Amino acid sequence: MPSISISPLKEQKIGNLNQGSKASNKSLDRKHWILQQRRSLPIASAERKLVDEVRKNDTIIIVGETGSGKTTQLPQYLFNAGFCRDGKVIGITQPRRVAAITVAKRVAEECDVQLGQKVGYAIRFEDATSGSTRIKYMTDGLLLREALLDPILSRYSVIIVDEAHERTVHTDVLLGLLKKVQGARLKQHKLDKPYANNVVKLDNECHSSNTKFSPLKLIIMSASLDAKGFSEYFGGAKAVYVQGRQYPVDILYTYNPEPDYVDATVITIFQIHLDDNPGDILAFLTGQEEIELVDMLVHERLKQLPEHSRNILTVRIYSSLPSEQQMNVFRPTPSNFRKVILATNIAETSVTIPGVKYVIDPGVVKSRYYNPVTGMESLIIMPISKAQALQRSGRAGREGPGKCFRLYPESEFWKLIDSTVPEIKRCSLSNVVLQLKALGFDDIIGFDFMDKPSRSAIKQSLQELYLLGALTDDCKLSDPVGIQMARFPLDPIYSKALILSREFRCLEEMLIVVAMLSVESIFYSPREKFEEARSAWKKFSSPDGDHLTLVTVFRAAIEYREKIRAATNKENSIDKSLSRWCRDNFINNRSLKHALDVHSQIKVYLEQMDMSLSSCGDDVLQFRRCLTASFFLNAAEKQPDGSYRVKANGQNVQIHPSSVLFRAKPECIIFTELIQTNQIYVRSVSQAWMPELSKYYDAES
DNA sequence: GAGCACTGC
């Protein structure tokens with residue numbers, strides 16, 4: 001693999017970005033400061049070299065550690081070098097929404113333009129771009145959606161895939177797609193012969209609309225030091241190394257393996273607190289329960305310390321925690337206190353907490369595991385990868401030299417796998433397969449993935465899509481069902497439910513169900529207020545099951561919001577009131593807001609497809625029929641012992657105690673979630689409608 | 001009568 005290294009220390013003049021705007025002294029100071037900041041970034045000295053490399057190569061890999069400035073600077077360098085001529089756009093993808101927004105804001109400020117003009121961003125539910133946008137930050141999933149409408153991504157001259165080392169499903173599918181697009185555009189460019197039709201088929205002969213396309217420049221940016229995999233995948237693409245800005249972190253290992261990492265974490269916290277210099281501690285744990293346990297243990301042992309040593313403040317952070325409580329980690333620590341942050345791997349990449357000097361890494365993570373044979377997903381605690389260990393220790397060196405305590409011997413570290421198994425190899429592929437089919441790739445097993453998912457996982461998804469009617473007998477996308485399904489940004493089974501519910505005249509109800517099922521748990525119950533929460537939920541509960549219960553919650557929220565809206569017009573106070581309503585009813589505010597967003601987004605899609613919202617009103621049976629027809633793959637029958645047998649595969653399951661049907665135990669159920677913890681549970685359960693069900697399982701009945 | 005890492009369209 002050819003590669004070059006770039007020294008970060010030499011300074012070099014950078015392009016003129018402040019294009020003659022008059023400003024006050026204060027903002028001149030700010031601009032001067034920004035320019036200073038930009039010039040001092042490690043990447044600044046490499047501007048000319050990088051631009052040269054991009055000119056010379058169609059694909060390059062940029063390896064840059066945190067703090068190198070690659071995400072904010074490179075697009076500006078390329079813009080100044082003329083890569084946006086003829087109105088072309090530089091697109092930069094991010095795995096996370098927050099990153100796309102914050103980076104775009106920063107770059108807009110650096111360029112001294114209004115956000116949404118020259119520099120903009122686009123994420124689901126939010127488009128801050130315009131016709132004049134030339135540097136566009138977006139989530140990788142969104143670019144995939146864009147490709148459905150414009151398969152050769154004709155607006156873009158350059159696409160930068162950032163954080164590629166994270167290897168999310170979206171990143172992996174995007175890499176495969178971009179490779180094809182690049183090939184197709186190059187071929188077209190060389191042919192130099194415009195085609196009349198507007199059909200593009202990427203996996204075969206390249207056709208395009210009657211314009212000539214310039215080649216697509218591809219830049220893959222990764223923070224992991226090993227660029228080999230990316231380079232090989234892109235035919236030996238050149239790798240360029242850019243140094244980061246990171247303080248040294250001392251790595252300390254234990255002499256022997258720790259039998260109980262929770263206990264070892266608590267001991268290490270106190271060891272640091274009593275023996276080491278001031279500085280906050282970040283401890284990585286696997287989940288909510290473990291975090292609560294460690295928090296309790298720390299406070300217990302704190303009582304045994306002399307008064308003057310009790311100056312520890314603990315804060316917890318994990319994703320299902322309400323945002324107000326998440327914000328606690330950013331509150332300044334009282335002087336003389338040491339902050340101990342107990343976090344899941346949300347603190348690995350998504351949230352950066354200032355002030356951390358010590359990291360405690362027990363070396364484990366809770367991770368999703370998918371069994372393609374049973375189609376079941378479960379969460380298991382497993383060892384992290386070397387790359388992950390590196391990422392964790394790096395959290396101690398953001399502001400100064402730090403220390404990382406790995407709660408395992410060094411010999412164990414070397415046994416860890418190099419990098420985390422890409423998500424695409426451990427999740428259901430139904431959505432991926434549907435998207436690829438819609439993009440024109442018919443041969444999924446032969447698709448050029450960077451890491452191929454297992455054959456059985458692909459076959460399982462093809463089978464499911466076929467049963468849902470998205471694929472024809474010869475495995476092509478069906479018209480119109482498959483095509484419509486691919487358009488919805490939903491799980492394929494939910495898309496199918498929407499399409500079916502039109503026939504059953506209950507699209508309005510199904511749209512609510514699908515929106516509510518597409519988000520994290522709607523119900524929020526703090527452990528200490530469990531009973532209170534349960535009685536608050538009672539008023540929403542429906543005897544028919546959890547799905548109509550969700551409909552009731554959604555409608556109650558809308559009704560409440562409209563009532564407030566009638567009284568005040570201020571969006572701000574409407575939001576506040578709705579938050580209060582959520583708190584009073586033990587509803588997760590963030591999840592509900594998300595569901596409202598999904599609901600309105602899908603509604604627009606439905607309108608575009610001329611599917612009008614029809615309601616079944618009080619005809620609950622009609623809704624149950626539709627639910628049964630949509631989720632017949634998820635039907636289960638009661639067994640003599642009160643457990644259930646899934647009709648499609650004979651799997652034995654239990655109704656989860658959180659379901660409204662937990663006690664009622666009807667003869668036959670439909671479920672929309674399957675989860676394995678101590679037992680195999682189904683959640684979100686409704687009564688099936690037998691006559692409808694027998695249509696799908698008539699051989700048995 | 002249980003407990004769900006983290007993202008994303």
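Being a predicted model, the structure only gives us computed values, none of them experimental. In what follows, chains carry the letters A, B, and so on, assigned in the order in which the sequence lines appear, proteins first and then strands, with residues in each chain numbered from 1.
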Taking the basic N atoms (NZ, or NE/NH1/NH2) and the acidic carboxylate oxygens, is any pair closer than 4.0 Å for [X] and [Y]?
X        : Y        : value
A:Arg167 : A:Asp451 : yes
A:Glu166 : A:Arg96  : yes
A:Glu348 : A:Arg392 : yes

Let's see if you can work this out: which of [options] has an atom nearest to the side-chain heavy atoms of [X]?
X        : options             : answer
A:Pro657 : B:dC9, B:dG1, B:dA5 : B:dG1
A:Ile346 : B:dC9, B:dC4, B:dT7 : B:dT7
A:Glu423 : B:dC4, B:dT7, B:dC9 : B:dT7
A:His170 : B:dA5, B:dC9, B:dT7 : B:dC9
A:Glu520 : B:dG8, B:dT7, B:dG1 : B:dT7
A:Leu379 : B:dC6, B:dG8, B:dC4 : B:dC4

Check every strand shown and say whether [X] touches a base, only sugar-phosphate, or nothing at a heavy-atom separation below 4.0 Å.
X        : result
A:Arg167 : nothing
A:Gln601 : nothing
A:Arg96  : sugar-phosphate
A:Ser319 : sugar-phosphate
A:Tyr318 : sugar-phosphate
A:Arg368 : base
A:Thr168 : nothing

Would you call the rings of A:His599 and A:Phe554 parallel, tilted or perpendicular, taking 30° and 60° as the class edges?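 Ring orientation of A:His599 relative to A:Phe554: tilted.
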
Once you measure the plane-to-plane angle for A:Phe488 and A:Tyr605, does it fall in the parallel (<30°), tilted (30-60°) or perpendicular (>60°) bin?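 A:Phe488 vs A:Tyr605 ring planes: tilted.
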
For the pair made of [atom1] in [X] and [atom2] in [N], what is the distance, rounded to whole Å?
X        : N     : atom1 : atom2 : value
A:Tyr494 : B:dG8 : OH    : C1'   : 15 Å
A:Ile602 : B:dC9 : CD1   : C1'   : 9 Å
A:Lys366 : B:dT7 : NZ    : C1'   : 17 Å
A:Ile424 : B:dG8 : CD1   : P     : 18 Å
A:Glu290 : B:dG3 : CD    : P     : 15 Å
A:Leu142 : B:dT7 : CG    : P     : 18 Å
A:Glu163 : B:dC6 : CD    : C1'   : 14 Å
A:Ile123 : B:dC9 : CD1   : C1'   : 11 Å

On DNA chain B, more 5' by nearest nucleotide between A:Ser350 and A:Phe488 is A:Ser350

Contact under 4.0 Å: A:Arg683 side-chain N or O vs B:dG3 OP1/OP2: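 It does not, given that no N or O in the side chain of A:Arg683 lies less than 4.0 Å from OP1 or OP2 of B:dG3.
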
Reckon A:Thr349 has a side-chain N or O less than 4.0 Å from the OP1 or OP2 of B:dT7? no

Yes or no on salt bridge (charged side-chain N to carboxylate O under 4.0 Å, His left out) for A:Arg155 and A:Glu146, after CA distance, side-chain angles and deciding distance? CA-CA 11 Å; A:Arg155 305 168 54 198; A:Glu146 254 186 60; 3.7 Å; yes

Given the structure, check if the side chain of A:Arg145 and the base of B:dG8 hold any donor-acceptor pair shorter than 3.5 Å. no

